[in-house]
S.K.: 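Structure provided below as structure tokens; questions to follow.
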Protein chains: 2
Amino acid sequence: MIMASGPGPHVVIVGCGFAGLAAARGLRRTAARITIVDRSNHHLFQPLLYQVATAALSPADIAAPIRRILRGQRNVAVMLAEATGVDVPGKRLLLADGQLDYDILVVATGATHAYFGHDEWAEHATGLKSLGDALLIRQRFLMAFEVAEREPDEARRRAWMTFVIVGAGPTGVELAGTLAEVTRQTLARDFRHINTASARVILVEAGSRVLPAYSEDLSEAARQQLERLGVSVWTGVKVTDIDAEGIHIGSERVPARTVLWAAGVAASPLAASLGVPLDRAGRVPVAPELTLPGRDDVYVIGDLAHIEQDGALVPGVAPAAIQQGDCAARNIVATLRGRPRESFRYVDKGMLATIGRGAAVARIGRFKASGYLAWLLWLFVHILFLIGFRNRLVVMIQWAWSYFTFDRGARLITAPLREPLVESPVDRSAS
Amino acid sequence: MIMASGPGPHVVIVGCGFAGLAAARGLRRTAARITIVDRSNHHLFQPLLYQVATAALSPADIAAPIRRILRGQRNVAVMLAEATGVDVPGKRLLLADGQLDYDILVVATGATHAYFGHDEWAEHATGLKSLGDALLIRQRFLMAFEVAEREPDEARRRAWMTFVIVGAGPTGVELAGTLAEVTRQTLARDFRHINTASARVILVEAGSRVLPAYSEDLSEAARQQLERLGVSVWTGVKVTDIDAEGIHIGSERVPARTVLWAAGVAASPLAASLGVPLDRAGRVPVAPELTLPGRDDVYVIGDLAHIEQDGALVPGVAPAAIQQGDCAARNIVATLRGRPRESFRYVDKGMLATIGRGAAVARIGRFKASGYLAWLLWLFVHILFLIGFRNRLVVMIQWAWSYFTFDRGARLITAPLREPLVESPVDRSAS
């Protein structure tokens, strides 16, 4: 028996991101027996994931075990398992190693990277969705400097010191700005043979401007702040190829050993098994009550849901996911009590994107800000919403520390060094 | 050119543990050009590694990038590389991808686990030497409870909830005590189907008592404290086999899915290339000046060195390693200035071993303590010697937090869930 025991209906929630967690919490005072299924054992504070990738924070600072978060809620059982599909008519969630019957299903499995039909790029251009991704990116960029320090050939050294980030949405902008800062400040005194400040950080965007979800003046402010930090911003250019040694941007070949991917969103493959038409990104167009069209017992929420409101798509951001989780929980409660359900309405409280130290853009209602004020706002909001008091305190100290010292404590390569760093043995004798 | 530039002799230090780091620092005011070679990019505060393995601390709390530690010391260059051997007559250090000429070599590559000729056990019985090891152990014990929570078969569940630690030296005692604490306190309210407090933690020791380096009364005190925490202590029994499903101890078979290895020390394989006879554990018996017998230009220090003093071996502990690093540096300086070198003499300041919350044993000179007082002493000493102010502060907060709440924030499985957790598909339908 895998489910929480009790007399109520069995609600299965797949995915414990912002949406799934909000749905579970919204059902805490009900008789529902809840099983929350996730393939990782932690809830991730995704907006700060780039800080782990750039070695400012440790995984434990931005993630908390799902079991700990929910241990006080006695009607929830947590299951670590990989969901592979949904048998909608049979009311069963299929797992890699079993299945799970449900009365009500909440699908909140989010999105992953899309390589626009070029899945072979995934190997060379790491995306940033999980803690594993973040640790891999950290390892790649730290290792790039280590190899550059030992590389005698000028052209090859340059390729190791070139970092290309594809996609200028919030994640791409955060990665580019922070990497530029790290190369120019944090690592500046650490190497003897290379000048880390000469590293190139290139942000590539197919659209005409960075942060396209923001107004044009804020986009322009973001670009200026990026360039001030040392980032080369290339807009209106398309990536045509990526391999282990570099990237083709338009007709130009840029030798670069580190390419990071922050473009394209593909909804979780679970959506395909729901038996309804999906949008171009694989998302599920849901009914106003957040249910699967034609089914009252399946909810789809978070980044996986396609919801139009006032002629635009509800954005894939944490506040929207949380609001959807809350709404789905209220609708499940309403159903259980025989009351009418409500239509979802996204309340846009604003948008914040950070670029680097003291650099950010913000929109709150009609109020717009950029630079230091926007950054302070970003800092305040993100620390406020971090899960768990301990994390908040530790993150605050680590940020204060790195703010005043330009230091990043988590600069660790934790995987063992198995292969030689450079391809051909070179005589490195001193003389 | 890979070496620090300057007119002085080229000193190559292999290994940046306590011994190697002390040697590098001891040469800071000299004209020596130093290259420090390590296969990882960080110095590790090894005495707290078990805290990472048991999810109390993050890797960044107990490790610091070597480049950061030494960036103020302009006569040091840091090289991330794997040393494979030494060409003693040719005065060259051989690397996996090159070589490095030296005038003076300091070998401080330490020790690793020894499986007593049973290398096939390594796969099932994880040892604890690196951050990678610690993260693997963390993953294994957290995953064991996840699998147990979903395992319907009583006997198999019991095997997942049995943890065997082989070897009752300081590392084994720390791991056993902390694991018992975690199962009985931290995880107690997290699971719905298993009672984590019923997990078995077995500490196996071939010798007649735990912590054999301590006096008999302290050994006995340690055993009592372990048993109070819920550890079964089996002394005087030998491990005869380990496989994926269990362990043979003497003639008894214990089904256990998690076996940890804290027995046996084998010196780094680099020792074999030095061309001198080694002791049984592969360590290098050194001259009183810490040099390779017959060679003035090669020093061997730290856990790799075999040094007898007053009829006993100098122990492989951090203070001994630091004292050897200091002594080697002084002897190198003496040689450069044409002065006589000194013989190494270990000053034993005492020993400390922790067992769990408020449980430890200590010996300082003739003063002995066990229990709460010894634990406070242990805490004070370890926080004091942690590298870097930031780490000290963060670790202190995290310990205070987990002391008062019994919580461990770093309970994260960061590797992706790739394979099904249980072997055979089981119908886990609710009903």
Side-chain angles (χ1 to χ4, degrees), chain A residues 1-4 10 39-42 58-60 63-65 67-68 71 77 79-82 92 96-101 130-132 135 142 146 150 189-193 388 390-391 393-394 397-398 401 407 409-417 420-422 425-431, chain B residues 1-4 10 39-42 58-60 63-65 67-68 71 77 79-82 92 95-101 130-132 135 142 146 150 189-193 390-391 393-394 397-398 401 407 409-417 420-422 425-431:
Chain A
M1 289 304 86
I2 297 308
M3 28 167 308
H10 187 211
R39 62 180 168 187
S40 74
N41 80 331
H42 49 270
S58 288
R67 295 189 183 282
R68 184 181 72 187
R71 75 174 159 203
M79 189 193 290
L80 183 69
E82 173 101 44
R92 280 190 302 195
D97 54 352
Q99 48 182 294
L100 201 53
D101 287 355
S130 68
L131 282 179
L135 293 175
L142 292 175
E146 296 291 341
R150 293 186 57 193
R189 290 165 52 213
D190 279 13
F191 292 85
R192 299 289 181 260
H193 306 292
R390 171 190 156 282
N391 288 11
L393 190 66
V394 168
I397 290 168
Q398 294 186 341
W401 179 260
D407 195 9
R411 280 192 350 256
L412 306 175
I413 300 172
T414 46
L417 183 61
L421 290 177
V422 285
V426 180
D427 187 338
R428 295 169 185 293
S429 307
S431 69
Chain B
M1 289 304 88
I2 296 306
M3 27 167 308
H10 187 211
R39 61 180 168 186
S40 74
N41 81 331
H42 48 270
S58 288
R67 294 189 184 283
R68 183 181 74 186
R71 76 176 160 202
M79 189 193 291
L80 183 68
E82 172 101 43
R92 279 190 302 195
L95 308 175
D97 55 351
Q99 48 184 291
L100 200 54
D101 287 354
S130 69
L131 282 179
L135 293 174
L142 292 175
E146 296 291 341
R150 294 186 58 193
R189 290 165 52 212
D190 279 13
F191 292 84
R192 299 288 181 260
H193 306 292
R390 170 190 157 282
N391 287 12
L393 192 65
V394 168
I397 290 167
Q398 293 186 342
W401 179 259
D407 196 10
R411 275 180 6 243
L412 306 176
I413 300 170
T414 45
L417 182 61
L421 290 178
V422 284
V426 180
D427 188 339
R428 296 168 186 293
S429 308
S431 73

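Just so we're on the same page: letters track the sequence lines, and every chain starts at 1. Note: hydrogens, waters and symmetry copies are ignored here, and every other heavy atom, side chains too, is used. What you see is a predicted model; the values in this text were computed from it and never measured.
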S.K.: CZ of A/Arg150 to CG of B/Leu95: how many Å apart, nearest 0.5 Å?
M.R.: 6.0 Å
S.K.: Which heavy atom of B/Asp190 sits nearest to which heavy atom of A/Arg71, and what is that distance?
M.R.: OD1-CD, 3.0 Å
S.K.: Report the distance from atom NE2 of B/His193 to atom CE of A/Met79, rounding to the nearest 0.5 Å.
M.R.: 7.0 Å
